[in-house]
Amino acid sequence: MTIKDEIKKIRDNVYEIPGSYNKQMRASGRLYIDDESFEALEEGAVQQIVNVACLPGVFRYSIGLPDIHFGYGFPIGGVAAFNMRNGIVSPGGVGFDINCGVRLIKSNLCQEDIEGHLDELVDALFKNIPSGVGSKGKVKLSQDDINNVLDYGAEWAVENGYGWDEDLEVLEENGRIKAADSSEVSDKAKKRGIPQLGSLGSGNHFLEIQVVDEIYNEEVADVYGLKKGMIVIMVHTGSRGCGHQVCSDYLRLMDKAYKNYKINIADRQLACAPLDSKEAQSYLKAMYAAANYAWANRQMITHWIRESFEDVLGKSARDMDMQIVYDVAHNIAKEETHDFKGRDMEVLVHRKGATRAFGPGREEVPVKYRDVGQPVLIPGTMGTASYVLHGTQTAMEETFGSTAHGAGRVLSRSQAKKDYNPEDIVNNMENNGIKVKATSKSVIAEEAPGAYKDVDSVVRVSDSTGIAKLVAKVKPLAVTKG
DNA sequence: ATGTGC
């Protein structure tokens with residue numbers, strides 16, 4: 001008998017892990033996944049959903065999304081909400097790369113406008129946006145600067161000349177969580193953050209020049225300003241070594257806290273603290289500060305993307321209409337209000353490898369998108385399509401306004417390096433008309449599309465269950481990676 | 001993801 005035998009299918013692509021599975025569970029588990037992925041799903045990831053459902057104050061369901069896989073304590077591709085009155089916060093529920101996220105920038109260019117310039121564009125992006133492990137940004141930050149980055153996020157970046165005032169309107173949280181407090185971030189995290197601001201990083205982080213390949217919903221695409229054949233740029237990066245250090249620092253603190261507060265946890269990696277404790281409050285302020293760092297990071301990269309296009313194409317970014325469509329966080333915890341049986345519940349929603357997908361009418365959605373729900377950006381793996389979806393009322397009712405965040409790894413990095421040859425992958429992509437430029441060859445093998453679940457199926461499950469609906473498909477023309 | 005093992 002395994003956990004998976006206890007799971008009941010409750011409708012197409014939705015499974016339930018009954019709260020009666022073990023005595024410690026305080027909520028049931030829910031899985032949004034197709035039958036094929038369910039069969040292939042690792043027991044360990046299901047056990048992690050159960051473990052999360054045992055934490056104090058867990059509200060309604062512990063949720064696994066279509067791209068779920070085994071992570072540190074909490075699964076990646078998971079959502080869990082905790083009551084603000086008696087719940088907890090756990091760094092493992094946010095992840096190491098705090099506010100890892102995705103940004104999409106549009107243009108008025110079509111493929112013919114950049115034909116013959118693609119090599120130059122990729123070279124310019126590669127030169128202007130530092131990438132790779134331990135990569136350093138081009139900006140010299142003082143101690144005051146790093147504190148301002150942590151406290152003001154993308155606002156700091158725009159005030160310092162990186163981007164346009166209106167950029168802030170289309171960033172989740174407007175690119176700044178006000179509850180952040182740089183004084184809760186260690187000197188070590190700041191020291192790691194100072195040289196890295198304005199850099200892409202490594203692993204699955206990327207920068208792509210893409211073309212809008214297909215529109216599924218004309219009305220919503222129109223609201224988002226997307227048209228078939230349009231050149232767009234997608235950025236996937238996070239808070240670099242700074243967020244990583246914040247997570248490490250607070251995991252150590254939480255490892256003491258959960259013992260002090262006598263919280264029963266199924267796995268030490270679920271170390272957490274009650275929301276009203278000083279440990280939880282410090283972590284939240286530091287985690288929000290790291291989230292602000294990531295928004296500033298993506299903002300600076302946006303500025304250099306615009307400059308790169310200007311240099312190569314000889315037109316201004318304004319003339320090329322290089323506006324931000326949206327920017328989403330997919331590793332974060334946030335205080336939100338969710339309706340439950342007609343009552344407003346105040347909860348802390350942990351989204352780890354999960355994208356917010358707020359539906360129509362929510363005040364958190366930018367005014368210009370509010371009638372149709374927020375844009376949801378779901379990146380594919382290297383060389384494959386990415387998707388734009390919109391948030392829905394179904395997501396509000398079932399998943400705390402959340403959906404999947406990407407393809408989801410199926411092979412470990414080490415296994416991928418054994419199975420794939422970087423030259424073959426690059427040749428394959430170039431045969432498909434995609435230009436690739438990477439800092440290292442090993443990252444190409446680690447990020448081989450075959451090391452990931454097919455993003456098409458992830459998005460299909462989101463769409464069919466209604467937790468986010470398809471708007472557009474974009475396909476890569478050129479990729480730069482760490 | 002990550003000064004790619006403290």
Side-chain angles (χ1 to χ4, degrees), chain A residues 45 48 67-78 90-103 130-137 146 185-207 235-252 255 268-269 286-287 290-291 293-295 297-298 301 328-333 350-355 379 381-382 404-418 420 422 438-448 451-453 480-482:
Chain A
Q48 288 188 322
D67 51 347
I68 185 169
H69 58 282
F70 187 83
Y72 183 94
F74 288 59
I76 297 160
S90 174
V94 171
F96 278 85
D97 191 1
I98 295 164
N99 191 5
C100 187
V102 183
R103 177 176 296 209
S131 66
V133 177
S135 52
K136 292 179 179 178
I146 188 69
V185 175
S186 69
D187 288 340
K188 196 174 175 186
K190 291 176 188 175
K191 199 175 167 193
R192 287 181 71 176
I194 284 172
Q196 293 186 337
L197 188 70
S199 68
L200 194 62
S202 182
N204 66 359
H205 289 168
F206 67 74
L207 201 163
V235 185
H236 179 200
T237 187
S239 51
R240 311 286 289 102
C242 181
H244 193 277
Q245 191 62 47
V246 168
C247 183
S248 300
D249 290 340
Y250 280 92
L251 278 170
R252 205 171 337 112
D255 195 57
R268 207 170 163 185
Q269 294 183 354
M287 184 264 290
Y293 180 101
W295 275 308
N297 193 33
R298 291 196 286 275
I301 289 171
V328 296
H330 57 220
N331 276 6
I332 201 160
H350 293 62
R351 294 191 184 87
K352 180 184 189 182
T355 312
T381 68
M382 190 174 55
H405 84 306
R409 199 170 257 288
V410 290
L411 293 183
S412 67
R413 288 174 191 283
S414 53
Q415 191 60 47
K417 272 197 273 199
K418 283 179 200 158
Y420 295 99
T439 307
S440 77
K441 282 192 175 174
S442 63
V443 80
I444 298 276
E446 287 174 15
E447 297 303 317
Y452 285 85
K453 182 188 260 191
T480 86
K481 291 191 73 76

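Chain identifiers are assigned alphabetically (A, B, ...) following the order of the sequence lines, protein sequences preceding nucleic acid strands; residue numbering begins at 1 within each chain. All values derive from a computational prediction rather than experimental measurement.
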Colleague: Is there a residue in residues 406-414 of chain A whose heavy atoms reach under 4.0 Å of DNA chain B, and which residues are they?
Modeller: Arg413(A)
Colleague: Tell me the interatomic distance from Lys188(A), atom NZ, to dT2(B), atom C1', rounded to whole angstroms.
Modeller: 12 Å
Colleague: In whole Å, what is the span from the NE2 atom of His205(A) to the P atom of dT2(B)?
Modeller: 5 Å
Colleague: What contact category does Lys417(A) fall into here, base, sugar-phosphate, or nothing, at under 4.0 angstrom with non-hydrogen atoms?
Modeller: nothing
Colleague: When the distance from CZ of Phe96(A) to C1' of dG3(B) is rounded to whole Å, what number comes out?
Modeller: 14 Å
Colleague: Give a yes/no on whether any side-chain N or O of Gln196(A) is located under 4.0 angstrom from OP1 or OP2 of dG3(B).
Modeller: yes
Colleague: Rounded off to whole Å, could you give me the CG-to-C1' distance for the Asp249(A) and dT2(B) pair?
Modeller: 13 Å
Colleague: Under 4.0 Å, counting only non-hydrogen atoms across every strand here, what does Arg192(A) touch: a base, just sugar-phosphate, or nothing?
Modeller: base
Colleague: How many whole angstroms separate atom CG of Asp255(A) from atom P of dC6(B)?
Modeller: 15 Å
Colleague: Rounded off to whole Å, could you give me the NZ-to-P distance for the Lys191(A) and dG3(B) pair?
Modeller: 14 Å
Colleague: Base, sugar-phosphate, or nothing for Ser239(A), non-hydrogen atoms under 4.0 angstrom?
Modeller: nothing
Colleague: What pair of heavy atoms forms the shortest contact from Gly193(A) to Cys242(A), and how long is it?
Modeller: CA-CB, 3.8 Å
Colleague: In whole Å, I'd like the distance from the CZ atom of Arg252(A) to the P atom of dC6(B).
Modeller: 12 Å
Colleague: Arg240(A) CZ to dT2(B) P: how many Å, rounded?
Modeller: 5 Å
Colleague: If the condition is side chain to side chain donor-acceptor pair (under 3.5 Å), which residues does Lys352(A) pass it with, not counting sequence neighbours?
Modeller: none
Colleague: Using a 4.0 Å heavy-atom cut-off across all strands, classify Gly238(A) as base, sugar-phosphate, or nothing.
Modeller: nothing
Colleague: Which residue pairs pass the salt bridge (Lys or Arg N to Asp or Glu O under 4.0 Å) test with at least one member in residues 238-247 of chain A, sequence neighbours excluded?
Modeller: none
Colleague: His236(A) vs His330(A) aromatic rings, parallel, tilted or perpendicular, using cut-offs 30° and 60°?
Modeller: perpendicular
